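Some notes on the structure that comes next.
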Protein chains: 2
Amino acid sequence: MFESEPESAADPEDADPTTAKPRLERQRILKAGADFIEQFGVRQLTMRRLGTELGVEAMSLYRYVPSRESLLDGIVETVIDQLYEDPEVYVEPRHGWQDYLLRLAHGLRRLALAHPQVFPLIATRPAEAPWVRPPLRSLRWVESFLKALTSTGFSEKAAVDAYRAFSSFLIGHLLLEVAAMGADVGPVEEAEPHPPKEADLGGYPLLQRLQKLLSEDHSAQEFEESLENLLDRLENLAG
Amino acid sequence: MFESEPESAADPEDADPTTAKPRLERQRILKAGADFIEQFGVRQLTMRRLGTELGVEAMSLYRYVPSRESLLDGIVETVIDQLYEDPEVYVEPRHGWQDYLLRLAHGLRRLALAHPQVFPLIATRPAEAPWVRPPLRSLRWVESFLKALTSTGFSEKAAVDAYRAFSSFLIGHLLLEVAAMGADVGPVEEAEPHPPKEADLGGYPLLQRLQKLLSEDHSAQEFEESLENLLDRLENLAG
DNA sequence: GGATCTTGCTTACGACGTAAGCAAAGCATG
DNA sequence: CATGCTTTGCTTACGTCGTAAGCAAGATCC
């Protein structure tokens with residue numbers, strides 16, 4: 001995992017971040033935090049534990065992060081910033097707004113599925129400004145979104161409406177999808193891997209009969225269909 | 001507010017609940033917890049504080065609640081159980097499935113707006129069974145939903161699809177709506193009432209220009225329109 | 001009179017987040 | 001070289017948390 005001490009270096013451009021610890025920078029902490037959450041859940045992330053994870057005392061982290069809360073904020077931020085590194089997602093529309101939105105939606109879904117434990121934080125943590133909604137949590141992405149639409153035929157009002165519709169669609173779908181994966185913004189879950197947690201279906205005959213149907217996973221396909229439906233609806237706004 | 005719990009004995013009829021403490025029952029604790037969260041946020045809710053709120057030591061609560069986590073679960077449960085007391089919402093369809101869904105959706109929205117601080121918990125806490133989605137968190141409601149649809153022309157598969165679409169629609173809309181109200185599943189926020197938190201819009205010209213448009217609140221109307229659109233879509237599933 | 005329950009209090013333990021100060025190591029200057 | 005400043009991480013310490021364990025006072029029933 002770690003251990004190996006080529007310390008010194010100092011080179012701020014980190015050519016290869018996987019080799020050894022390059023002196024505990026903010027990015028390294030946030031990355032480790034994200035990984036930790038993905039592995040053990042938010043509840044398990046404490047300053048002390050993250051410290052030992054990085055081979056360092058808890059208090060050392062405070063040089064780079066003012067508090068646990070802002071650590072979480074930072075983690076959320078770095079995770080959604082990965083959208084910029086997704087080669088499938090364009091910050092500017094290249095083949096029309098539909099293509100732009102499709103790529104953006106798929107990129108966000110990929111992000112959510114890659115970070116099922118972090119995603120609920122993305123969804124519920126307060127944003128930079130009240131009208132910046134999850135999961136597009138940053139001003140930059142909102143700007144990108146609005147620009148993409150207004151530059152391809154949407155009126156400003158239509159673009160804003162589209163932004164709202166898009167946000168709530170994505171948040172709803174992705175949150176439920178990662179929740180179904182066993183996301184765990186809440187209880188501890190300790191060492192138990194996952195007891196099937198069979199509920200008592202006595203008295204719920206329909207549930208009993210439809211249980212199989214209900215537990216089938218069509219998320220990907222549902223996502224696709226609903227997304228297309230959304231785009232169709234937006235087409236009417238475009239004008 | 002409500003009584004009708006013949007618990008064990010000892011006269012559960014409480015003449016005047018506001019004057020003195022009527023012996024600390026589970027329901028009383030959960031109600032107090034919900035109120036507390038609504039007033040100060042989840043983060044502020046500790047066993048000790050809830051204890052003193054009820055005029056009791058923290059450890060006394062453990063007679064009725066096995067842990068803080070399950071306290072939160074209980075609070076979530078009692079809040080969504082209020083749906084049953086909403087006279088506008090029917091457990092069985094009386095005027096067709098559209099009417100049923102409209103009433104259900106509006107009832108849930110009322111609930112969310114009445115408990116903006118608790119609602120994110122409703123949205124993110126793990127449910128009884130993996131396929132029971134928020135915000136219809138209980139087996140009873142899922143059963144009711146499925147029965148309403150299958151008894152009014154939906155095939156079983158269509159009813160399940162409708163259930164999923166309905167869930168993700170509601171969760172998306174309501175979560176964003178309460179988040180916009182300043183819901184706070186996360187940071188502490190302490191005593192500060194709400195600093196405007198003006199973000200720096202330098203470099204985001206579109207955001208600057210559309211800020212007013214973006215911060216306008218059309219939630220109610222948006223909700224109505226999207227809900228109707230959803231119902232239209234479901235009509236195609238009905239057959 | 002016991003017994004046995006029920007209820008709430010008391011004490012205590014091992015986390016936790018984090019304030020405050022300290023030690024060592026890197027650096028620039030004389 | 002010594003000097004001092006800055007950066008980094010460690011140490012210690014405080015108050016708060018969730019909660020295990022045991023206790024005391026009443027209620028209930030024999």
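Below, chain A is the first sequence line, B the second, and so on; all start at residue 1. Being a predicted model, the structure only gives us computed values, none of them experimental.
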[X] [atom1] to [N] [atom2]: how many Å, rounded?
X        : N       : atom1 : atom2 : value
Glu25(B) : dT6(C)  : CD    : P     : 15 Å
Gln44(A) : dA15(C) : CD    : P     : 13 Å
Arg43(A) : dA15(C) : CZ    : P     : 17 Å
Glu57(B) : dA25(D) : CD    : P     : 16 Å
Ile29(B) : dT7(C)  : CD1   : C1'   : 12 Å
Arg28(B) : dT7(C)  : CZ    : C1'   : 13 Å

Test item: Pro120(B) and Val178(B) side chains (from C-beta on) under 4.5 Å apart, heavy atoms:
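Of all side-chain heavy-atom pairs linking Val178(B) with Pro120(B), at least one is under 4.5 Å.
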
**OP:** Not counting sequence neighbours, list each pair that qualifies as a salt bridge (Lys or Arg N to Asp or Glu O under 4.0 Å) and has a residue in residues 107-116 of chain B.
**Re:**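 Those involving residues 107-116 of chain B are Asp86(B)-Arg110(B), Arg109(B)-Glu177(B).
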
Sequence neighbours left out, cut at 3.5 Å: what donor-acceptor pairs do the side chains of residues 51-59 of chain B make with other protein atoms?
residue  : atom : partner  : partner atom : Å
Thr52(B) : OG1  : Arg49(B) : O            : 2.9

Under-4.0 Å side-chain N/O to phosphate OP1/OP2 contact, Ser60(B) with dC9(C)
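Result: yes.
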
With sugar-phosphate taken as primed atoms, P, OP1 and OP2 and all else as base, the protein-contact string of nucleotides 17-24 of chain C at under 4.0 Å (heavy atoms; B, S, -) is BBBB----

(Q) Going by the rule ring pair (Phe, Tyr, Trp, His ring centres under 6.0 Å), which residues pair with Trp141(B) if we only count those two or more places apart in sequence or in a different chain? (A)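 Scan of Trp141(B) (ring pair (Phe, Tyr, Trp, His ring centres under 6.0 Å), adjacent residues dropped) gives Tyr84(B).
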
Exercise for the section: Please identify each residue that fulfils ring pair (Phe, Tyr, Trp, His ring centres under 6.0 Å) with Phe145(A), with sequence neighbours left out. Expected result: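 Tyr163(A), Phe166(A).
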
- What pairs with Gln208(B) under side chain to side chain contact (heavy atoms under 4.5 Å, CB included), at least two apart in sequence or on another chain?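 Side chain to side chain contact (heavy atoms under 4.5 Å, CB included) check on Gln208(B) returns Leu201(B).
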
